[in-house]
Amino acid sequence: MSTFLALAAGNTLTRLVFFPTAACLPLLFLRRGAVRAVKIYTLVVSLVEVLFGLAYVLSHAAHSGPDGAFPLTRDPRLPWIASYGIHYDLAMDGISMPLALLTILLLPIVILGSWRGIERHWRAFSAAMLVLTTGVLGSLLAYDLFVFYVFWEVMLVPMYLVIGVWGGERRIYAAIKFFLFTMAGSLLMLVGILWLGWTFKMVNGGVWSFAYEDLLRLDLPMGSQVWLFAAFALAFLIKVPIFPLHTWLPDAHVEAPTGGSVILAGILLKLGTYGFLRFAMPLFPQASRAHVPLLVALALIGIIYGALVSWVQVDFKKLVAYSSIAHLGFVMLGLVAADLVAWQGALLQMVNHGLSTGALFLLVGMLYDRRHTKQFADFGGLAKVMPLFAFFLVFSTLASAGLPALNGFAGEFLILAGSYRALGWPAAVATFGVVLAAVYLLKMIQLTLWGPLTRDENRGLSDLSAREVLALAPLCLLMLAIGVAPNFFLRPSQPALSSLLAGYRQRAEAPAPARAALRPLAAPTQANARSTPLAGAPR
Amino acid sequence: MSVPVSWYLALSAVLFGIGAIGALTRRNGISIFLSIEVMLNAANLSLAAYARQFGEHTGQVIVFFVLAVAAAEAAVGLALFIGVFRGRRTIDVNRMNLMQH
Amino acid sequence: MSRADLLSLLPELILTAGGVLILLLDALLPGARRAWTGIALLTTAAAAWGACAAWTAAASDPALTFGGLLETSRMTLAFSQAVLAATALCLLASQGYLRREGILAGEYHALLLWCATGLLLMLRANELLTIFLALELLSLCLYSLAGYHRRVKVSMEAAIKYFLMGAFVSAFALYGIALVYGATGQTRLDAIGAAFAAGRVTVAASLGLLLLVTAFGFKMSLVPFHAWSPDAYQGAPSPFVAFFSVAPKVASALVLYRLLAVTAQGSNAARWSEVVALLSALSMVTGNLLALAQRDIKRMLAYSGIAHMGYLLLALVTLDRDSLNAVFVYLLAYVLMNAGAFAVVAMLYRRPGEQHLIGELAGWGYRFPLLGGCLAICMLSLAGIPPTMGFFGKYLVFLQAISEGHVRLAVLGVVTSLVGVFYYLRVIYVLYMKAESREPEGLLIDGWGRAAAVLAALGTLLLGLWPADLLQWLIGATGTR
Amino acid sequence: MELAIFILFAGLALVSSIVVVTHKNPVYATLSLVLTLFSVAVLFVLLGAPFLAALQILIYAGAILVLFLFVLMLLNVGRQEGPSGHRVQLFTALLGGVAFAAMLVLLFWRQQGGPRPPAAPLSAQLVSLTALAQELFGRYLLQFEIVGLLLLVAVVGATVLARRPPPREPEAEP
Amino acid sequence: MHALDWLWLIPALPFAGAVLNGVVFGWGGRRAPRPLVNAVALGAPLASLAVALACIWQYAQGAWPQPVERVAYAWTTGDLAIDVAFLIDPLAAVMLFVVTFVGFIIHLYSVGYMAHEEGYQRYFAYLNLFMAAMLTLVLGNNYLVMFVGWEGVGLCSYLLIGYYYDQELAPYAGKKAFIVNRVGDFAFLVGMFALVARFGTLDYTRILPRIAAHPGLVTGEYWAGLSFAGFVGLCFFIGAAGKSAQIPLYVWLPDAMAGPTPVSALIHAATMVTAGVYMAVRSNAIYQLAPGISLLVAVVGAATAIFAATIGLAQNDIKKVLAYSTVSQLGYMFLAVGVGAYTAAIFHLTTHAFFKALLFLASGSVIHALGGEQDMSKMGGLRKHLPITYRTFVIGALALAGIPPLAGFFSKDAILAASAAAGHWVLWAVGLLTAGLTAFYMFRAVCLTFHGELRADPEHPAHPAPGEPAPALHLHESPPVMTVPLVILAAGAVAAGWFGIPKVLAFGADLDRFDRFLAPVVARIRGANPLEHDVGAAADLFLIALSVAVAAAGIALAVRAYGGERGPARDRVLAERFPALYGLVANKYYVDEIYDRLIVRPLAWLSRVFWKVVDTFIVDGSINAGAYATELTGDIGRLSTTGNVRNYALYFFLGVILLFWWLVR
């Protein structure tokens with residue numbers, strides 16, 4: 001406990017993860033009516049968290065090698081439930097770093113974006129957002145499967161509340177649907193984790209471990225691998241979401257308040273793909289290799305189906321929601337391709353989607369704050385009265401549609417190029433999704449911005465305020481930066497991805513053993529990890 | 001000739017069965033309780049029989065305690081019936097279904 | 001009776017004496033009734049200390065006193081403390097309720113303390129007759145307390161249903177004892193176990209043990225012995241249910257474990273695991289499905305309790321040295337979260353005897369932030385969401401099931417707990433996502449009750465976050481087996 | 001001789017217990033239970049437990065059943081309608097009860113390998129009250145103490161339950 | 001300082017201009033002072049032109065014919081390394097000149113044309129952005145950078161077509177353009193992926209020479225009977241067809257005329273639409289190794305040429321006529337690519353840029369004068385009012401018709417000669433016929449617009465801006481800022497062709513500087529004979545004469561049919577005489593309608609089915625049904641808790657029996 005506190009005081013992942021939750025405590029002492037104070041406090045907290053995030057990443061990026069790789073940094077492992085081999089173990093590498101930074105960055109933006117939209121219970125809203133951040137960061141950084149699962153579930157409750165308390169008409173239905181869908185997958189994953197841990201214990205002479213690196217050393221027979229892979233994949237695919245497990249998403253998005261949607265689309269969905277990349281594939285290489293055709297088919301269905309359904313929506317937010325299904329279909333395709341370029345693209349695209357879809361949801365929310373409707377039929381010609389809104393909407397849409405020099409293109413291009421190399425024609429089919437993306441996204445712009453301004457209610461709409469611009473501008477700048485110079489964002493994660501891929505490939509191509517076995521440690525686990533120095537911390 | 005212990009046991013089993021049937025079929029709470037007393041007696045009988053078989057006291061001691069338990073149970077149970085009757089004017093278990101199910 | 005015997009009986013003695021003391025004071029100083037809760041709490045605390053003292057003083061671990069009748073071990077200590085925790089929470093929650101309903105009297109506290117005595121005796125007993133007598137002792141207390149709110153018809157109805165079922169089942173238990181005794185000539189569990197291990201398992205002995213198992217299955221409200229519990233919980237005074245719904249289950253679980261440990265030594269141990277698995281599966285499925293259909297929060301919690309005992313049995317399907325850890329952690333979690341939930345229910349629902357509709361809590365999460373928050377935490381814990389202790393308990397029992405190769409059973413547990421998530425979430429969404437539908441009137445929310453809710457919720461959270469020390473300590477307990 | 005007594009009282013016990021569970025009037029059922037208890041007491045004697053037989057008559061038949069009768073009179077429950085309106089319940093209970101009993105009888109029969117005399121002779125030690133008392137206050141002291149508490153609980157519980165409820169007097173305090 | 005080091009400035013300058021005018025000055029719809037806007041808007045392309053000229057000059061003087069590359073920075077590294085890098089070679093140099101020069105002229109023209117527009121600043125921001133994108137496209141040293149520009153010009157095209165965003169139709173036209181282009185881009189992307197998969201790079205200099213040196217790399221069967229070169233060629237051609245409006249993806253271009261006329265001139269005539277041709281020529285090594293696909297390209301090009309020309313015959317909107325003419329001329333260019341006359345394609349591209357930009361700008365001048373009127377049936381007699389416009393328009397029309405010695409003659413003839421030389425006589429015939437049709441519809445337009453009497457109602461212009469009072473008709477010549485560009489372009493339309501005078505006409509002198517300059521771009525495939533298009537001087541001369549004759553005949557016929565006051569009446573007569581045929585042509589063969597029925601509507605229907613049936617009914621329905629069934633089971637199950645304690649006891653009892661049976665069975 002004291003070690004934990006000592007950790008939380010330093011420039012460590014622990015501080016990064018738990019600061020938001022710890023910052024919830026003062027909220028209790030703010031008066032219930034002091035909404036403004038709560039908002040400003042939360043904003044300050046989120047900005048401090050951004051600073052912490054940057055401080056951490058930059059301080060370690062200074063140690064990156066000549067290839068620009070972000071090193072594997074980790075907090076000292078603390079025994080948590082030692083009798084079951086469970087350690088509090090957080091680590092950041094090139095794969096989790098961009099997603100963690102995205103999470104942190106989106107927090108102040110979400111607060112700014114919710115400034116007007118959230119009208120009740122601001123303290124609770126702030127707390128939910130902050131705890132959610134802890135959950136997400138924890139899931140991204142956990143290097144122990146038990147810890148991962150705990151954080152994974154911790155995310156659920158605040159999101160459930162955010163949808164259910166501050167959502168729209170059918171918010172309760174949507175919130176429960178969200179919770180149950182996610183829970184359905186993750187409970188089976190829990191069984192999978194337990195099974196995995198137990199198998200490890202069996203082959204490791206009765207010593208438990210849930211450490212990621214330890215479990216990676218397990219070679220499982222095909223029979224159990226398939227089941228375990230199914231359990232993990234189900235959890236992640238629901239989160240992504242992949243057809244036909246996706247129906248929670250449109251409901252959740254439509255009902256969620258702006259901030260909820262941004263977080264949901266920006267980060268929560270990524271955890272599905274992240275988990276798939278980090279856990280489902282490397283832990284069960286042969287099984288995942290065996291299911292490539294199925295997964296490719298699902299990814300393709302996601303791309304095409306999501307795009308088509310998105311196209312015919314009459315609700316602004318629902319359109320964006322369905323577009324997420326299509327976009328994440330690309331990411332899944334990239335992951336399944338198991339090609340370095342595709343993986344790089346997929347990782348980049350996870351960030352991209354967070355930025356561009358996050359911005360789109362913010363924009364929908366800004367419009368909703370003004371008009372209290374999300375139906376296309378109520379809009380049209382808004383560019384006339386809201387030029388800044390139009391600018392940002394067009395910008396984000398183009399990023400989302402994969403226009404070169406913006407971020408979406410970089411991700412999609414790498415995904416598709418890599419997938420084509422690895423899979424062939426399915427990537428070509430997926431590329432057609434690019435066409436469809438233009439179809440539905442331009443329809444969206446068309447129906448909101450262009451055309452004559454027919455509705456009188458829309459004539460008096462005010463353009464974006466400085467606060468709203470402040471929320472959108474960082475996203476748009478990042479979109480541009482990633483699109484123009486993706487290498488800056490790709491380089492830190494490339495070595496991590498390539499070593500993960502090398503391990504995956506090597507194992508996937510070898511036949512599965514007849515019985516579970518443990519591969520010997522290649523090198524001491526800590527050798528390539530740069531630990532945060534901490535005086536007096538037990539190692 | 002001495003009676004085989006198993007006969008006692010068989011008797012106890014039959015008594016137990018009769019008691020159980022009674023407990024399951026009566027509507028009057030006190031009648032149910034009476035049936036349960038039959039079941040207890042059946043158990044007691046078999047305990048005594050086993051004690052006889054082993055030629056030691058344990059079975060008898062148990063019966064002794066069960067007598068006390070039965071008395072205590074009867075006191076509490078009958079008090080309950082009085083309480084219920086006071087409120088409801090009946091001790092018919094079929095009518096004890098105030099609660100939502 | 002030696003000094004060691006007496007010392008080992010310290011917690012029970014303290015509890016009994018406390019009960020007697022309160023009863024005497026009640027007769028002498030009827031005006032000071034509101035102090036009884038404090039005294040009872042002190043007694044509980046003293047008993048907790050006594051249990052520790054008895055354990056510390058014990059010659060070995062486990063130590064047997066009274067000629068092998070009573071066990072004093074780390075594990076019995078742990079279970080005792082869980083029972084005492086339930087007692088304390090119940091006491092805290094009761095004060096306001098009893099005052100509100102105008103039924104505050106010393107008998108309540110005395111009976112509760114004696115009930116705890118019975119539970120402690122039962123979970124420590126190593127012999128069938130002792131177990132039976134302790135069972136009867138606590139049962140009588142439970143009958144009396146269930147019907148404690150005499151003005152309320154459903155309270156009496158609950159008591160009489162519970163009583164009739166209880167008496168019926170004790171007859172079976174007694175018959176079971178007779179059969180086991182007849183088959184082995186023994187009443188001490190270790191001796192019976194030795195007989196089983198020696199291969200002298202007769203069908204009669206199996207049946208006898210089965211009858212005993214069902215009797216404790218009844219106390220734990222396992223399907224199909226469960227049907228009494230929703231009615232009993234609904235009718236009984238809510239703060240008492242905080243005790244009623246957890247403490248007997250804690251003690252019964254340990255007894256069940258002892259009984260199953262006997263069967264595990266027999267030649268048909270595999271069959272026994274099947275039986276336990278069957279009970280577990282039935283309870284998980286039935287409990288969750290029926291809880292789903294409930295609109296009354298107390299009934300819902302009753303059915304959810306049924307399901308929880310099903311999960312608990314997952315750890316007992318095949319016994320090994322870790323089973324009991326899982327069982328205990330699960331039970332402790334269950335004590336905290338269920339008692340916490342009932343404590344809140346006791347405070348937020350007036351009009352005992354009518355339904356406790358979940359919908360009546362609509363929007364009250366904001367009106368009563370503390371109690372609402374505690375209830376929500378308890379619900380999350382019941383649903384098994386980390387980082388609550390409910391999750392950790394579930395984790396351990398599932399792990400136990402999987403370790404023993406019962407993956408399918410674990411999957412069934414997972415699937416049914418998904419159903420569970422739904423109805424627990426219902427409470428949360430009613431609390432926070434619905435508009436208020438009624439004004440709170442006639443409620444009495446006192447510091448004791450708040451303390452109960454907060455302690456339970458906090459315990460659920462903190463033990464969920466730091467279960468390691470508890471677990472480590474427990475492993476010391478089973479490590480010697 | 002012993003056999004005759006056994007058959008007589010076994011039969012009596014059976015018949016009277018059937019009356020207990022079937023008679024519509026609980027008062028008659030109670031009285032019939034007295035008969036059952038008496039028959040069992042006689043069997044106790046046959047089994048070498050005269051002390052138990054005495055207790056059975058004194059406590060059970062004497063005290064407990066009187067209590068029953070007393071309550072029955074107090075409540076004036078009187079005649080109640082037949083066993084059940086629920087045919088399924090009745091039928092299943094009968095079937096189950098008969099099956100259970102038959103199963104047990106069969107079990108004892110098989111287990112004992114047919115009727116045979118008890119393994120141990122009826123020793124004086126078994127019959128002696130002193131020996132029993134020594135056991136009670138020696139080996140079974142703990143249980144004895146528990147029973148003491150049990151009776152206390154019964155007393156308190158019975159008063160709690162049977163006492164007239166206090167009028168509603170909620171403490172007027174926030 | 002080497003000018004080529006400043007290559008990156010060429011696209012960067014207009015981009016900066018766009019950012020300044022569009023974002024910095026124009027933040028939230030604000031307006032900067034007009035001179036500042038003009039300075040940025042014109043300064044950026046002018047500076048770009050200057051740098052471009054310096055670079056071209058330096059390149060032509062120094063490095064030619066070797067390509068020169070300048071890497072700006074690495075876009076990606078590692079497994080797939082792609083640089084943001086610029087390349088200048090003969091082809092890029094030509095394109096660079098065309099784009100910067102014509103681009104600047106049109107910017108200049110726009111200052112006058114758009115002077116009264118509310119979104120003046122936004123317009124120039126878009127236009128500058130377009131320049132940046134187009135120059136990126138042209139200067140990129142790899143397909144990815146090309147694609148960046150490719151999509152960038154598409155975006156600007158979308159924005160500029162939909163410039164009048166508050167109108168009903170313009171935004172739809174923009175959307176259509178973008179989406180149809182995207183269909184082509186899809187194929188382009190797939191082609192790139194194929195290249196990545198095989199070569200691990202997208203650099204021209206690392207792929208194309210390698211292919212040329214080792215044809216075996218790309219000739220084996222790759223997919224569905226196509227060789228690798230065939231596959232990539234096909235993909236690239238589909239991409240090019242989208243951008244350059246070839247069958248079947250040409251449908252967006254006529255609609256694109258909804259944008260301001262200078263936009264049509266710059267984007268939809270001179271530069272962007274030719275990007276497909278540029279790309280195909282750039283990839284000529286691939287096409288040379290894929291003869292089947294080359295033939296396809298030629299056939300599609302020829303078909304497009306004649307198909308669009310026929311539609312152009314019956315259009316009444318002056319810009320639509322020019323649009324179909326553009327489609328038709330682009331068809332010519334692809335015909336050239338298909339028959340292997342790559343330099344001819346670029347030659348025609350260049351000349352076409354001049355005369356088609358000229359035609360559009362001149363028509364813009366007309367439209368400007370008529371207050372937005374585009375319907376030729378409402379024009380007529382304008383030559384008196386707009387003399388400079390008239391003259392320049394006629395020069396452009398003659399150039400387009402291929403009348404010597406104007407530019408169009410040389411370039412078109414080069415193509416026809418090449419098709420003939422390659423033995424594709426059918427294609428040649430189609431090209432010839434198209435030339436006639438072209439001459440006909442152009443002079444039909446000249447007649448309808450400038451001759452006869454004015455048919456417009458001076459009081460009520462046809463297309464007043466919605467909600468604003470109708471501007472008065474000011475029938476006078478456009479200001480110099482518009483006419484000077486017309487004159488400059490007219491000069492180009494006359495003289496541009498003189499850089500590529502064929503040997504036959506130069507009396508054997510090698511005056512074809514254009515071909516010489518560009519020749520290094522055409523890859524020399526190892527083991528293949530260099531393309532030789534020569535049918536002999538006599539035949540050549542005959543063919544030239546024939547084409548000129550056909551063009552002249554077209555003109556004559558048009559003047560005869562539409563000259564004087566007969567114009568509009570002639571159309572009515574034709575419509576009455578051949579109702580089916582005229583209707584078919586006037587309605588553009590109903591292609592839009594066919595696409596709508598065949599693709600758009602079924603797809604929309606399918607999408608709705610996906611949404612309403614699959615998503616809502618099947619997937620969600622089955623999940624909800626599962627939840628409902630669970631709840632129902634619970635509801636039924638709870639009946640088991642009857643409230644009757646005897647039932648509970650029975651459950652217990654039966655449970656005991658059941659478990660016992662289980663235990664001993």
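Quick note on labels: first sequence line is chain A, next is B, and so on, each numbered from 1.
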Exercise. Report the C-alpha separation of C:Ser283 and C:Met309 in whole Å, then their side-chain angles, then the decisive distance to 0.1 Å, and conclude whether the side chain to side chain contact (heavy atoms under 4.5 Å, CB included) test is met.
Key: CA-CA 7 Å; C:Ser283 302; C:Met309 290 305 114; 5.6 Å; no
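Of the listed residues E:Leu663, E:Val664, E:Val645, the one with more heavy-atom pairs under 4.5 angstrom with chain C than any other is E:Leu663. Listed options E:Gly655, E:Ser640, E:Gly634 were ranked by heavy-atom pairs under 4.5 angstrom with chain C; first place goes to E:Gly634. Each of C:Val223, C:Val213, C:Thr286, C:Val169 has some count of heavy-atom pairs under 4.5 Å with chain E, and the biggest count is that of C:Val169. Among C:Leu207, C:Asn288, C:Leu211, the residue with the largest count of heavy-atom pairs under 4.5 Å with chain E is C:Leu207.
In this structure, E:Phe15 places its CZ atom where only 12 or fewer heavy-atom neighbours from other residues, nucleotides or ligands lie under 6.0 Å away.
At a cut-off of 3.5 Å, with distance as the only test, no side-chain donor of E:Asn181 or E:Tyr158 sits close to an acceptor on the other residue.
For chain E, the nearby part of C:Leu164 is the side chain; its heavy atoms alone come within less than 4.5 Å. Residue C:Tyr423 does not touch chain E at all, counting heavy-atom pairs closer than 4.5 Å. Only the side chain of C:Leu279 comes within less than 4.5 Å of a heavy atom of chain E; its backbone N, CA, C and O stay farther away.
Counting heavy atoms from C-beta on, the side chains of E:Tyr126 and E:Cys156 never come closer than 4.5 Å.
Using cut-offs of 30° and 60° on the angle between ring planes, the pair C:Trp228 and C:Phe244 is tilted.
C:Arg299 forms no cation-pi arrangement with C:Tyr233, by the criterion of a distance under 6.0 Å to the ring centre and an angle within 45° of the ring axis.
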